[in-house]
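Atoms within each ligand, like the ligands themselves, are counted from 1 in listed order.
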Amino acid sequence: MIKLVEVGPRDGLQNEKIMLSCATKVQFIEKLSQAGIKHIEAGAFVSPKWVPQMADSAKIFKQLKKSHKLVKATNLSALVPNLVGLDAAIDCGIKEIAIFAACSESFSQRNINCSIKESISRFQLVVKKAMKSKIRVRGYLSTSFGCPYEGRVPVVRVEKLIRKMLELGVYEVSIGDTIGVATPKQVRALLKRFSQDERQKLLAMHFHNTRGTGLANVLASLDLDITTYDSSLGGLGGCPYAKGASGNLPTEDLIYMLHGMGLKTGVNLKKLIEISWWMESKIKHPLPSFLSKANLNF
Ligand code: HMG
Ligand code: MG
C-alpha cells in the first residue's frame, strides 16, 4: 500500500490568485476525503501577511472538526513555522502539524525570514511543545534538489539536514523538490545514502512537476523502496517564495501510474477527476493534470 499525502489545500491553494471562500476550501477537503484520501494537509498557521490564502486556516479546521465522519477517516495536518503557529494549531485541536526547513540559505531567508540554523533551533521548541500536547510532527525539507536563488544543492548537505530533522523527532521527513528540477539520477543519489539505514522508511518524497520529471522521480524512488508520496489534486500549486515552482505532482496522474503498476492507494480515481474539474471551475483556470483531460473510459 502506498501512502499518499494530499497537499492541494495547502501547497496547492497557497499560490492561487483567486481567494477561495472558507466554505469552498472545506468542501474541497471533504470531497478529497470522500474520494478515499487518508492524509490531507488542510492549511497553514503562517503569517497572513506572507501567505494571504492561508489566513482562514483556523476557521477551516474548526469547521472540519464538526464532521465526525471526516475526522475519523482522515488525518488532517497543518503547516506551522513557529510557536505562534503552533499555539494557533493547538487552539484548533489539531492532531498533526508539519514543520518546514530549507536546504538553501537564500530560500530559508525568503520563505521564513531566518537562517537554516535559526529555523532548526525554532523547530526544536515547536517539536518539544507539540509532543507535550500529543501532536504528531512531520518535517519538510524544501529546495532539496535545487534552489531558485542558489542553483544546485549538494547532496551531502541534504543528507545532513534529513538526519537533523529526524533527530528533532519528526515521524517522517518529506523531501521537497520545491521548484521541480530533480531528475531520477539525483533522486537515486540522495536515496541511496539511506538504503542501508532503517530510517529510510521515515522518508517521503514531495515532487513538483515543473519540468515534467515528477513521475519519473517517483519511479526512481519506488525502486529504492520509498512508499510515501506528496501530491496535489490536479497539480495545483507552487510556492509563493520560489518563482517558477508551478505545479505539484498531480495526485490523479500519480495514482493512475501507481494503480497501473498494481500498487494500491485506496483512492477512487474517478471521484478524484471530478474534484479536479470542480476545482477548475473555482479557481477559473485549467489545472496541469494529464488524467483529468484524458479519455476516462480507458
Ligand atoms: P516574521 O515577519 O519574521 O515574523 O515572519 P515575526 O516573528 O517577526 O512576527 C511578525 C508578525 O507576524 C507579528 O505580528 C507576529 O505575531 C506575526 P505583529 O506584531 O506585526 O502584528 N506572526 C504570525 N502570525 C500568524 N501566524 C504565525 C505567525 N508568526 C508570527 N505563525 C514567519 C516569520 C515564519 C511568520 C513568516 O515568514 C511566515 O509566515 N512564513 C511562511 C511562508 C510560507 O508559508 N511559505 C510557503 C510554505 S513552504 C513550501 O511551500 C515548501 C513546501 O511545500 C515543501 C516543498 O514544496 O518543497 C513545504
Ligand atoms: Mg511543495
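- Assignment of R10 to the shell around ligand 1 is supported, since a heavy atom sits closer than 4.0 Å.
- Ion pair E172/K3 flagged as a salt bridge, since at least one NZ, NE, NH1 or NH2 atom sits closer than 4.0 Å to an Asp/Glu carboxylate oxygen.
- Between R163 and the options E159, K160, M165, a side chain to side chain contact (heavy atoms under 4.5 Å, CB included) holds for only E159.
- Remark: the S104 side chain and the T143 side chain contain an N/O donor-acceptor pair separated by less than 3.5 Å.
- Considering each of I99, V51, I179, T178, the one bringing a non-hydrogen atom nearest atom 55 (C) of ligand 1 is T178.
- In the vicinity of N113, heavy-atom distances shorter than 4.0 Å reach the ligand 1 atoms 1 (P), 2 (O), 3 (O).
- Note on L76 and Y171: separate hydrophobic clusters, where clusters join Ile, Leu, Val, Met, Phe, Trp and Tyr whose side-chain heavy atoms are under 4.5 Å apart, directly or indirectly.
- The cationic group of R152 does not satisfy the cation-pi geometry with F145, failing either the under 6.0 Å distance to the six-membered ring centre or the 45° limit from the ring axis.
- The pair D225-K201 does not meet the salt-bridge criterion, since no charged nitrogen lies less than 4.0 angstrom from a carboxylate oxygen.
- Close contacts of ligand 1 with D11, meaning ligand atoms under 4.0 Å from a residue heavy atom, involve 50 (O), 53 (O), 56 (O).
- In K164, the NZ atom is not crowded: 12 or fewer heavy atoms of neighbouring residues, nucleotides or ligands sit closer than 6.0 Å.
- At least one N or O atom of N82, backbone or side chain, sits closer than 3.5 Å to an N or O atom of ligand 1.
- Using modelled atom types and a 3.5 Å distance limit, the side chains of H259 and T265 yield a donor-acceptor pair.
- Close approach to G85 involves these atoms of ligand 1, each under 4.0 Å from a residue heavy atom: 31 (N).
- When each atom of ligand 1 is checked for a heavy atom of L79 under 4.0 Å away, the hits are 47 (C).
- Note: an N/O pair closer than 3.5 Å links V46 and ligand 1 by distance alone.
- Considering only non-hydrogen atoms, atom 56 (O) of ligand 1 lies nearest to H206 out of R110, H206, Q53.
- When each of D230, L272, T251 is checked for a side chain to side chain contact (heavy atoms under 4.5 Å, CB included) with E6, only T251 meets the rule.
- Using a 4.0 Å cut-off between heavy atoms, S142 contacts ligand 1 through both its backbone and its side chain.
- Heavy atoms from other residues, nucleotides or ligands lying under 6.0 Å from CZ of F290 number 12 at most.
- Close approach of ligand 1 to F45 (heavy-atom distance below 4.0 Å) involves ligand atoms 26 (N), 27 (C), 31 (N).
- Any N or O atom pair closer than 3.5 Å counts here, and S47 shares at least one such pair with ligand 1.
- Within the 2.8 Å limit, D11 places at least one N, O or S atom next to the Mg ion (ligand 2).
- At least one heavy atom of P48 sits less than 4.0 Å from an atom of ligand 1.
- Counting heavy atoms closer than 4.0 Å to ligand 1, residue V7 contributes nothing at all.
- The distance from ligand 1 to the heavy atoms of K49 drops below 4.0 Å at these ligand atoms: 20 (O).
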